Chemist: 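Sharing a structure below in structure tokens format, with a few things to ask.
We number each residue from 1, following the sequence as shown. Just follow the structure's listing: the first ligand is 1, and inside any ligand the first atom is 1. Just so we're clear, the structure is a prediction, and the values are computed from it rather than from any experiment.
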Amino acid sequence: MDALVVARSVAVVTGAGMSAESGVPTFRGAGGLWRQFRPEDLATPEAFARNPALVWEWYWWRRRKIADARPNPGHVTIAHFESRFPEFVVLTQNVDGLHQDAGSRRLLELHGNIWRARCTREPGRIIDERGRPIPDVDLDTPAVAPALPTCEACGALLRPDIVWFGEPLDQAALDSAAAAVRTCDVLFVVGTSAVVYPAAGLPGLAKRHGAVVIEVNVDETPFTREADIVLEGPSGVVLPEIEARL
Ligand code: BV8
């Protein structure tokens, strides 16, 4: 941890495990969303083209599940780190907005945000739907084609502002993320299974550019062997412990 004490530039890659202690379901592992649903049916542009009602219902269901979620101590520690290090950025794969709720401002959302929608005709038209009523969803009944959300400006269908499988990430965000991990002194990799690319390539890129890489996870991942330091445990416990020792 000495490297962290003297670090000028720190970056953090976070995944769904970061929000597990806030009650947000992860994707893989016990209870994960991909245990219950097939990503190809719900998180691809083809799925949305095939059945937008089903995809919207899944996202409304997920919004309802996380509407009461609050940042956990791990999110709070990461927000504190922002003022602790001269250069700091969070590179999150999470779409739940909990880093922002905890106070993080220097943050890149690599996979979008579940609380935003965007116009399918004018992708630059983004709508923040946080706080708006969430349609009541019963996933056990087939999609009954609820009134699908449409763009107030042009009437086109809205879609979740999420990066689906087979869709490119925002290139500017990805370039900034790559630049951050190439120049950071320390990279934390927190609560991610490290299997979804290109985000999963960031820790290796940091390592190749000389960063000290610290993995925080309750389990092993494909990256664990490459990490310089592996801290096994829930991020909501491990991260505050690190902060207390700084
Ligand atoms: C793209 C949106 C190109 C959905 C998501 C073969 C090889 C390499 C790549 C590919 C390949 N085949 C296909 C690809 C590309 C594909 C990909 O990587 N697939 C993988 C599955 C093989 N990638 C893409 O499609 C990307 N786009 O490549 O585009 C392109 C370029 C130009 C033009 C056209 C196309 C898009 C990727 C983004 C997909 N969208 N989500 C939604 O959220 O609704 S990905 C999805 O997985 C989530 O966003 C999530 O962020 C991401 C990663 O999951 P994790 O966050 O890691 O969560 P997970 O549940 O997996 O793991 C949780 C971890 O936490 C576990 O390790 C667990 O142990 C740990 N944990 C649990 N509790 C705790 C904890 N840790 C600490 N504390 C705890 N308390």
Chemist: Among protein heavy atoms, which lies nearest atom 22 (C) of ligand 1, and at what distance?
Modeler: V195 O, 3.8 Å

Chemist: Starting from atom 31 (C) of ligand 1, what is the nearest protein heavy atom, named by residue and atom, and what distance separates them?
Modeler: P168 CB, 3.9 Å

Chemist: Would you verify whether the NZ or CZ of R62 falls within 45 degrees of the ring axis of W58 while also being under 6.0 Å from that six-membered ring's centre?
Modeler: yes

Chemist: Heavy-atom distances under 4.0 Å decide this one: backbone, side chain, both or neither, for W34 against ligand 1?
Modeler: neither

Chemist: Check ligand 1 against Y59 and write out every atom of the ligand that is under 4.0 Å from a heavy-atom position of the residue.
Modeler: 4 (C), 42 (C), 44 (O)

Chemist: I'd like the name of whichever of V163, V95, T221 reaches closest to atom 39 (C) of ligand 1 through any heavy atom.
Modeler: V163

Chemist: Test your reading of the structure: does N94 have an N or O sitting under 3.5 Å from an N or O of ligand 1?
Modeler: no

Chemist: Are any of the N/O atoms in W164 less than 3.5 Å from those in ligand 1?
Modeler: no

Chemist: What protein heavy atom is closest to atom 75 (C) of ligand 1, reported as residue, atom name and distance in Å?
Modeler: G17 CA, 3.5 Å

Chemist: Of the side chain and backbone of R62, name the one, both, or neither that has a heavy atom under 4.0 Å from an atom of ligand 1.
Modeler: side chain

Chemist: Checking contacts here: is it the side chain or the backbone of P234 that comes within 4.0 Å of ligand 1, counting heavy atoms only? Could be both or neither.
Modeler: both

Chemist: Under 4.0 Å, heavy atoms only, figure out whether ligand 1 is touched by the backbone of T192, its side chain, both or neither.
Modeler: both

Chemist: Distance to 0.1 Å, residue and atom name: give those for the protein heavy atom nearest to atom 64 (C) of ligand 1.
Modeler: G191 O, 3.4 Å

Chemist: Which is closest to atom 29 (O) of ligand 1 in terms of heavy atoms, E109, E167, Q93?
Modeler: E167

Chemist: Identify the protein heavy atom lying closest to atom 73 (N) of ligand 1, giving its residue, its atom name and the separation to 0.1 Å.
Modeler: A20 CB, 3.6 Å

Chemist: Using a 4.0 Å heavy-atom threshold (strictly under), name the region of H111 that reaches ligand 1: side chain, backbone, both or neither.
Modeler: side chain

Chemist: Answer yes when R125 and E152 have at least one side-chain N-carboxylate O distance shorter than 4.0 Å, and no when they do not.
Modeler: no

Chemist: Give a yes or no on this: more than 12 heavy atoms of other residues, nucleotides or ligands lie within 6.0 Å of atom CD of E220.
Modeler: no

Chemist: Which bit of R28 is near ligand 1, meaning a heavy atom under 4.0 Å away: side chain, backbone, both or neither?
Modeler: both

Chemist: Under 6.0 Å from the ring centre and within 45 degrees of the ring axis: does the NZ or CZ of R159 meet both conditions for the six-membered ring of W164?
Modeler: yes

Chemist: Tell me, which protein residue and heavy-atom name are nearest atom 58 (O) of ligand 1, and how many Å apart are they?
Modeler: A16 CB, 3.4 Å

Chemist: Check this for me: does any side-chain nitrogen of one of E82 and R105 sit under 4.0 Å from a carboxylate oxygen of the other?
Modeler: no

Chemist: Is the ring pair F27/W34 parallel, tilted or perpendicular, if the boundaries are 30 and 60 degrees?
Modeler: tilted

Chemist: Among all protein heavy atoms in this structure, tell me which lies nearest to atom 26 (C) of ligand 1, with the distance rounded to 0.1 Å.
Modeler: Y197 O, 3.3 Å

Chemist: Look at atom 80 (N) of ligand 1 and find which of R35, E21, M18, E220 reaches it with the closest heavy atom.
Modeler: E21

Chemist: Which residue supplies the protein heavy atom nearest to atom 69 (O) of ligand 1, what is that atom called, and how far is it?
Modeler: N217 OD1, 2.7 Å

